[in-house]
Amino acid sequence: MSGYEHKSIEGKWQERWEKQRSAEVDLKNAREKYYMLMMFPYPSGDRLHVGHGRNYILGDALYRYLRMRGRRALNPMGWDSFGLPAENAAIQRGIHPRDWTLDNIRVMKKQFKRWGILYDWSKEITSCLPDYYKWNQWLFLRMLQSGLAYKRRAPVNWCPSCLTVLANEQVIEGACERCGTAVEQRELEQWFLRITGFADRLLEGLDGLSGWPEKVKSMQRNWIGRSVGAEIDFPLAQGGESITVFTTRPDTVHGATFLVLAPEHPLVAKLIADHPQRAEIAAWIEKVRKTPRIEREGESSAKEGRFSGAMAMNHASGEAVPIWLANYVLPDYGSGAIMAVPAHDSRDLAFARQEGLPVRLVYHPDDRAVDPTTLAEPVLGEGRIRNCGEFDGLLPAPETTQRFIAWLDANGWGRAKVTYRLRDWLISRQRYWGTPIPVVYCEACGVVPVPESDLPVELPYDVEFTGREGNPLSRNASFVNTTCPRCQAAARRETDTMDTFVDSSWYYLRYLAARDSQRIFDPETVSRWAPVDQYIGGIEHAILHLLYARFICRVLHDMGLVSFEEPFVNLFNQGMITNFAEKTGRVEKMSKSKGNAISPDALIEEMGADTERVYTLFLGPPEDEVEWSEEAVSGAYRFLNRIWRVAQRIADCPPTAPSDEALERLRHVTIHRVTRDLDRFKFNTAVAALMEFLNGLTRAVDDKTASKIRCEAALDTLVQLLHPMAPHISEELWEMRGHSESLLDTDWPVVDEKRLLREQFQLVVQVDGKLRDRVEVESSWSEKEVRAAVLASPKVVEHLGGREIEKFVFIPGRLANLVTRKEHPV
RNA sequence: GCGAAAGUGGCGGAACUGGUAUACGCGCUAGACUUAGGAUCUAGUCCCGAGCGAUCGGGUUGGGGGUUCGAGUCCCCCCUUUCGCACCA
């Protein structure tokens, strides 16, 4: 025989849930705040495979569990549907991105349905449709008004394959996050959002996010990269300007024996103006500039530098120090210039050695407290430094740093300064498939925002996709040519579109007003439902989406539209599913491009959606990365079949039987375990508990050791507890048991704590910490009675070997340990 | 280099606050039903030793040390792996 008829069962229940609109929530009339559960929005570029299933199946299991626990839950879903995959598909296959995207969405909705996933589709949003992206434009205009959006010429990351610029966050190790192509630097005029103005608030907010994984928080802290130190001015010896450097070690300023500027530094041209080898240096600068980021910042890349010929004054030491140019100083961090302290910085030391520059020790190895006004030998001297590592751990006390800053400040040589690694968010994209940026360029009026009443600026359908560089939008005359909203003269539209992360930075609020054509959302509704209680998604958005969403939430907060600053109270990162990839010969994240994605279709056809669900949840801890195993799936299938079969035999159970209490206890233990596990997202152990419960029930039915009424109660509980994981088969069995309501509307089984305790049990007995026997005792017994029972055990007596018991350790309900001697080392 | 997490059978992994290590599943072995099975069911399955046997003894959570009556769990040192950041001054 094969399995139960999963196909007809699943089809039947999927239809029923759809008719009942099982997940739909009436926002307006709900009395209490519902628990808002949300998954990362699905980028509609890829067909769903079993790797994706983990996110959605986990979310659905949680949703069903919450409902049964009596927590009304809102479970919306939307489509993050702008972006490059659609446009690339258009170029490669000649399908319009809009048609391709909307078609994908239709297919994916069908796949969700096959998995038995209940979403509240009445809240569905599709970011590529004008009724959604209109509000991106509205938000942009408001940010433009308040100075949070601005346009600026700047060196930016350009992906030569995607033919567009990228945000810093989308550059991973110098390569495009999406396609892996090495990113080039280009000087372009682009739109930015001023996220740097929120750096401190974004950082501080992390401390309050107790429901977020530490990993994500530390990644964000790292990304923001706040460092505290000082700016110090070094006036040019020739007079005129100063070079300002940033340092976190102002206490080492006496040891600054030279300065290093990034070759891109604005003063460089002036410094080398009179240099005899000016041409050679200029050529070298050009070479460094053109070096891709990935190479320049790479670990192995050699330090290269040139002496500019100019000198600057180190106020602290009273000496003139040479100004060098080198590739190891980055133009976009701090001030693009450093004071080199070779005695206390390994990079400076390496460079000083290479170029034969002086090294001066500021700290004597034993001397930690340094006063800037009394610095002298031996604290300050020509050190015999072999390796900078010798002075690791010689970080100054915070007071020392403060003393130096105050001293520099008092002399007018420097001041306290905080810098960040975080850059402003570059949102311009030179691509078609995104939200048009709503501004117009007029020769007379300059940059003119499109009036709110003219929104949305619709993306035209009629464009040509050639795959050549240049935005297809800019070749669409009827889009580009317009009139200036201010002076009505001929003008042209901005053709850059927005980064798709703008769409997803506030979409969770739109779920609460998906059909509102009057405003972005209703602040009153939002105050009742948001923030999101539980957000589920992969780690890949730890700094992209999740940082942007936190930023935009603060922007909306400052606009008075939302009352909170953190959009997501709890975050759960499920691990990815991996599989062996023929192409690379390695186990890798399941994905279509790697050729190791497994389609759920064949699996569902053969063993059913419940099998996929149970297996996916059983595979391993949800937060860990797990490898898909084709063969192990059948274990989940067998489990479901065994439930099905035992349910058919339940009628044969006797009216009375001896071991009733044992089965009843097992039932309560299982309720306890499954409830606890689901509260902690431990779906893998919850499934294991249900398997054990089934094993117990099957034995009881086979051996006729439990009464029919107890077996039926056990089966009912099993079916209820199973429902979040395997909704179809559980609904069918529930109906077969004669219940008329859907399991979703039943109450989660309740544990009777008293049932967890046993009157009699096997007490573990140890002698000197080693397990020797198990003795049957009653829970009510006193320590004295237990001791007597333990000493009655022949095995225990044998192992005691006549020795005296020095200590009797008794842990009620668990064990007894007889300690005979304390060994004293000689 | 800096930061974080983790090392448990042939494999994925259990073990709540220190208290029976190896639950549950895969795989494997034997058997049953079968024309056959990569279907299903039953039994067994951490390692070493003794015994025909039910059992008995010893060992085991990357390595070493410590705390404790008792350590996979806590502390210290070392090794390894994974992840994140990285010429960030």
A:Arg421 side-chain N/O to B:C87 phosphate OP1/OP2 under 4.0 Å: no
Partner nucleotide of B:A23 by Watson-Crick or wobble geometry (both distances under 3.5 Å): none
Watson-Crick or G-U counterpart of B:A5, or none if no pair lies under 3.5 Å: B:U81
Donor-acceptor pair present, A:Asn817 side chain and B:C69 base, under 3.5 Å: yes
Interatomic distance where CD1 belongs to A:Ile543 and P belongs to B:C83 [whole Å]: 15 Å
Polar side chain donor-acceptor pair, A:Arg667 to A:Thr717, under 3.5 angstrom: yes
Touch class at under 4.0 angstrom, heavy-atom based, for A:Val329 against every strand present: base
Any A:His799 side-chain N or O less than 4.0 Å from OP1/OP2 of B:G57: yes
B:G12 to B:U68 separation - P atoms, rounded to the nearest Å: 36 Å
Phosphate contact (B:G70 OP1 or OP2) by A:Lys807 side-chain N/O below 4.0 Å: no
Whole angstrom value for the distance that separates C1' of B:C26 from OH of A:Tyr615: 8 Å
Distance below 4.0 Å between A:Lys215 side-chain N/O and B:G3 OP1 or OP2: no
Inter-nucleotide C1' distance (B:C83, B:C87), Å rounded: 22 Å
Length of the line joining A:Asp345:CG and B:C87:P, which is rounded to integer Å: 13 Å
No-hydrogen, no-angle side-chain donor-acceptor test under 3.5 Å, A:Thr196 and A:Tyr420: no
Same-atom distance (C1') from B:C74 to B:U17, integer angstrom: 13 Å
Complement of B:G70, any strand, by Watson-Crick or G-U distances under 3.5 angstrom: none
Nearest-angstrom distance, C1' atom, B:A50 to B:G38: 40 Å
Aromatic centroids of A:Phe681 and A:Phe572 separated by under 6.0 Å: yes
Interatomic distance at P, B:U73 relative to B:C77, whole Å: 16 Å
Whole-Å gap separating C1' (B:G84) and NE2 (A:His541): 17 Å
Sugar-phosphate only, base, or nothing, as touched by A:Asp348 at under 4.0 Å among non-hydrogen atoms: nothing
Protein-nucleotide distance (A:Gln354, atom CD; B:C87, atom C1'), rounded to Å: 12 Å
Centroid separation A:Phe580 to A:Trp628 less than 6.0 Å: no
A:Arg638 side chain near B:C26 phosphate (N/O to OP1/OP2, under 4.0 Å): yes
Presence of A:Arg645 side-chain N/O under 4.0 Å of B:U40 phosphate oxygens OP1/OP2: no
Touch class at under 4.0 angstrom, heavy-atom based, for A:Thr247 against every strand present: sugar-phosphate
Base partner of B:A86, which must satisfy Watson-Crick or wobble distances under 3.5 Å: none
Spacing of the C1' atoms in B:G58 and B:U67 (rounded, Å): 26 Å
Pairing partner (Watson-Crick or G-U wobble, both distances under 3.5 angstrom) of B:C46: B:G59
Touch class at under 4.0 angstrom, heavy-atom based, for A:Leu619 against every strand present: sugar-phosphate
Sugar-phosphate only, base, or nothing, as touched by A:Ser218 at under 4.0 Å among non-hydrogen atoms: nothing
Selected nucleotide, minimal atom distance to A:Arg814 side chain, candidates B:G25, B:U17, B:G84: B:U17
Under 3.5 Å side-chain donor-acceptor pair for A:Gln762 and A:Glu776: yes
Polar contact flag, side-chain donor to acceptor under 3.5 angstrom, A:Asp348-A:Tyr328: yes
N/O (side chain, A:Asn684) to phosphate O (OP1/OP2, B:A23) under 4.0 Å: no
Complementary nucleotide of B:C52, counting Watson-Crick and G-U pairs under 3.5 Å: none
Out of B:C16, B:C26, B:A89, whichever nucleotide has its closest atom nearest the side chain of A:Glu631: B:C26
Touch class at under 4.0 angstrom, heavy-atom based, for A:Ala688 against every strand present: base
Touch class at under 4.0 angstrom, heavy-atom based, for A:Arg221 against every strand present: nothing
Span that lies between the P atom of B:G18 and that of B:A71, in whole angstrom: 14 Å
A:Asp251 versus A:Thr401, side-chain donor and acceptor atoms under 3.5 Å: no
Atom-to-atom span, CG of A:Leu330 to P of B:A86 - whole angstrom: 11 Å
Sugar-phosphate, base or nothing in reach of A:Lys795, heavy atoms under 4.0 Å: sugar-phosphate
Any strand: nucleotide that pairs with B:G31 via Watson-Crick or wobble, under 3.5 Å: B:C41
Gap in Å between the two C1' atoms, one belonging to B:A21 and one to B:U29, rounded: 24 Å
Closest to side chain of A:Thr685, choosing from B:A15, B:C69, B:G84: B:A15
Touch class at under 4.0 angstrom, heavy-atom based, for A:Arg699 against every strand present: nothing
For the student: nearest non-hydrogen atoms of A:His6 and A:Tyr637, plus distance: CD2-OH, 4.2 Å
A:Arg421 versus A:Asn222, side-chain donor and acceptor atoms under 3.5 Å: no
Gap between atoms CG and P, on A:Leu815 and B:A15 respectively (whole Å): 20 Å
Gap between atoms CD1 and C1', on A:Ile224 and B:G84 respectively (whole Å): 15 Å
Touch class at under 4.0 angstrom, heavy-atom based, for A:Gln766 against every strand present: base
B:G9 glycosidic torsion: syn (within 90° of 0) vs anti: syn
